[in-house]
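We number each residue from 1, following the sequence as shown.
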Amino acid sequence: MQTDAARPAPAGTTTRWTAASVLALFELPFADLMHRAQEVHRRHHDPNAVQRSTLLSIKTGGCSEDCGYCSQAARHHEANLARESLMEVDEVVAAARAARDKGASRFCMGAAWRGPKDRDLERVEAMIRAVKGLGLETCVTLGMLQDGQAERLAEAGLDYYNHNLDTGAEFYGRVITTHTQADRFDTLEKVRDAGIKICCGGIVGMGETRPVRATLIAQLASMAPPPESVPINELVPIPGTPLADAPPLDPFEFVRTIACARITMPESLVRLSAGRESMSDELQALCFLAGANSIFYGDKLLTAGNAEAARDDALLNRLGMRTF
Ligand code: SAM
Ligand code: DTB
Ligand code: SF4
């Protein structure tokens, strides 16, 4: 017998997701939730294909914000991260070319800023133009944008802007106090208005409850339209940050989060993002079954390690998955 939440919405109807209706998904028996995620996944995507993005930190550390998970906040000096100023365009292009040659289709450039200064944007625009010229999709994550900045990025040919909601509204202030989730929505609106696609997701495993995870997914799914890319990060606990000792998340709860993202955002790419380095191959395979169809590819995320490319190649090969 299937419970109500296990039943798919009738064809041609749209579902308005609330925290309560997403929580009902989270609470399904695991097999029912996975079945529903697979149904949605197979209706909208090739279940045997995974997209690969490569990350590069183009400006590292020294950030004014206090995000509790982040190694790059200036105030988390015990994380002992070496600061690096904005990279030169040709260094970035060399890294992008290497990523393309290894098979990535999207190159994501991240900067540890509260937001970019107009004079920094000029160099970022040059990076976008050059990386796009290599035939890669471009993504940047630069923090909060001021009026006119999204238009400049669009003009440079930017495909995606990454800006995460990070956690459910009710938990946001417990993790970050130097800006609000409303500030994040403000930037997302500027990005959308400039015609740039949105990459927006969050982090789980920060000590939040299941209802908080349900709020996060409902908030993402309620964006109109939902983000084209949805990164689901598992906290990478970084010594010296306030969340270094967050209690580990039950791996099945992580898989459930992926499944809920897939069901509520059928057309989006759902990215199995940070945290893969410490996940088993079997857990990652469950995430693909739950509807994840994108990964970060390359031995490093921004400052933390990622699953090694050779291990990913072997895993995708063992699962008979192709890449795009
Ligand atoms: N400063 C910009 C911002 O905050 O949007 C861009 C860079 S920031 C590092 C990008 C995203 O990385 C954050 O929103 C967060 O979701 C993710 N992130 C950062 N540190 C993480 C960690 N230790 N574990 C998992 N995800 C993390
Ligand atoms: C996202 O959601 N995850 C990426 C990307 N967007 C920029 C970043 C993960 C960072 C993990 C911790 C680190 O490398 O410092
Ligand atoms: Fe880290 Fe971005 Fe927060 Fe700065 S704004 S502390 S880089 S997550």
Side-chain angles (χ1 to χ4, degrees), residues 34 37-57 92-110 128 130-141 157-162 197-201 227-234 236 254-255 257-259 261-262 265-302 304-324:
M34 291 296 273
Q38 268 285 305
E39 271 183 341
V40 173
H41 194 43
R42 286 173 176 269
R43 208 159 43 233
H44 295 271
H45 303 272
D46 175 349
N48 302 306
V50 66
Q51 186 273 340
R52 290 179 296 177
S53 297
T54 293
L55 275 169
L56 178 68
S57 181
V92 173
V93 172
R97 187 178 289 112
R100 181 199 62 185
D101 293 348
K102 285 193 185 131
S105 58
R106 191 181 303 173
F107 194 66
C108 308
M109 296 164 269
I128 292 166
V131 171
K132 219 173 151 61
L134 297 173
L136 284 159
E137 288 185 316
T138 52
C139 179
V140 297
T141 182
L158 182 67
D159 296 299
Y160 291 83
Y161 195 84
N162 167 250
K197 287 181 273 207
I198 288 181
C199 172
C200 181
E228 283 79 4
S229 273
V230 181
I232 304 294
N233 297 279
E234 180 172 64
V236 179
F254 186 80
V255 180
T257 310
I258 299 268
R262 168 48 67 225
M265 292 169 275
E267 287 169 14
S268 307
L269 283 190
V270 174
R271 184 171 307 114
L272 168 53
S273 301
R276 284 197 309 114
E277 191 183 25
S278 58
M279 291 181 196
S280 68
D281 288 351
E282 295 86 339
L283 175 56
Q284 294 187 59
L286 270 182
C287 291
F288 295 137
L289 283 173
N293 58 351
S294 172
I295 55 172
F296 285 124
Y297 185 70
D299 300 347
K300 208 171 164 197
L301 294 165
L302 291 175
N306 191 22
E308 282 177 15
R311 179 181 161 205
D312 287 344
D313 296 344
L315 174 60
L316 296 177
N317 194 30
R318 284 160 72 207
L319 298 177
M321 293 183 85
R322 63 172 197 84
T323 53
F324 66 100

Given side chains that start at C-beta, do those of [X] and [Y] come closer than 4.5 Å, heavy atoms only?
X: Phe288; Y: Leu316; answer: yes
X: Asn162; Y: Cys108; answer: no
X: Leu301; Y: Glu277; answer: no
X: Asp281; Y: Arg311; answer: yes

Atom [atom1] of [X] and atom [atom2] of [Y]: how far apart are they, to the nearest 0.5 Å?
X: Asn293; Y: Ile258; atom1: CG; atom2: CD1; result: 9.5 Å
X: Leu315; Y: Ser280; atom1: CG; atom2: OG; result: 9.5 Å
X: Met279; Y: Leu286; atom1: CE; atom2: CG; result: 11.0 Å
X: Ser273; Y: Glu234; atom1: OG; atom2: CD; result: 11.0 Å
X: Arg106; Y: Cys199; atom1: CZ; atom2: SG; result: 6.5 Å
X: Asn233; Y: Thr257; atom1: CG; atom2: OG1; result: 11.5 Å

Going by the rule side chain to side chain donor-acceptor pair (under 3.5 Å), which residues pair with [X] if we only count those two or more places apart in sequence or in a different chain?
X: Arg52; answer: Tyr297, Thr323
X: Asn306; answer: none
X: Gln51; answer: Ser53, Ser105, Ser294

Can you list the residues that meet the salt bridge (charged side-chain N to carboxylate O under 4.0 Å, His left out) rule with [X], with sequence neighbours excluded?
X: Arg271; answer: none
X: Glu308; answer: none
X: Arg42; answer: none
X: Asp299; answer: none

Which residues satisfy the side chain to side chain contact (heavy atoms under 4.5 Å, CB included) test with [X], sequence neighbours excluded?
X: Ala99; answer: Thr54, Ala104, Phe107
X: Asp159; answer: Lys132, Glu137, Thr138
X: Glu228; answer: Tyr160, Arg192, Lys197, Ile198
X: Ala49; answer: Asp46, Arg322, Phe324

Take Phe254 and Ile232, measure what side chain to side chain contact (heavy atoms under 4.5 Å, CB included) needs, and give me the verdict at the end.
CA-CA 9 Å; Phe254 186 80; Ile232 304 294; 3.9 Å; yes
Residues pairing under salt bridge (charged side-chain N to carboxylate O under 4.0 Å, His left out) where one sits in residues 287-296, two or more places apart or in two chains, turn out to be none
Closest non-hydrogen atom pair, [X] against [Y]:
X: Ala274; Y: Val236; value: CB-CG2, 3.9 Å
X: Ala307; Y: Arg276; value: CB-NH1, 3.7 Å
X: Leu56; Y: Ala95; value: CD2-CB, 4.0 Å
X: Val131; Y: Ala96; value: CG2-CB, 3.9 Å

List the steps and the verdict of side chain to side chain contact (heavy atoms under 4.5 Å, CB included) for Val255 and Met34.
CA-CA 9 Å; Val255 180; Met34 291 296 273; 3.9 Å; yes
Check step by step if side chain to side chain contact (heavy atoms under 4.5 Å, CB included) holds for Met265 and Val270.
CA-CA 8 Å; Met265 292 169 275; Val270 174; 5.6 Å; no
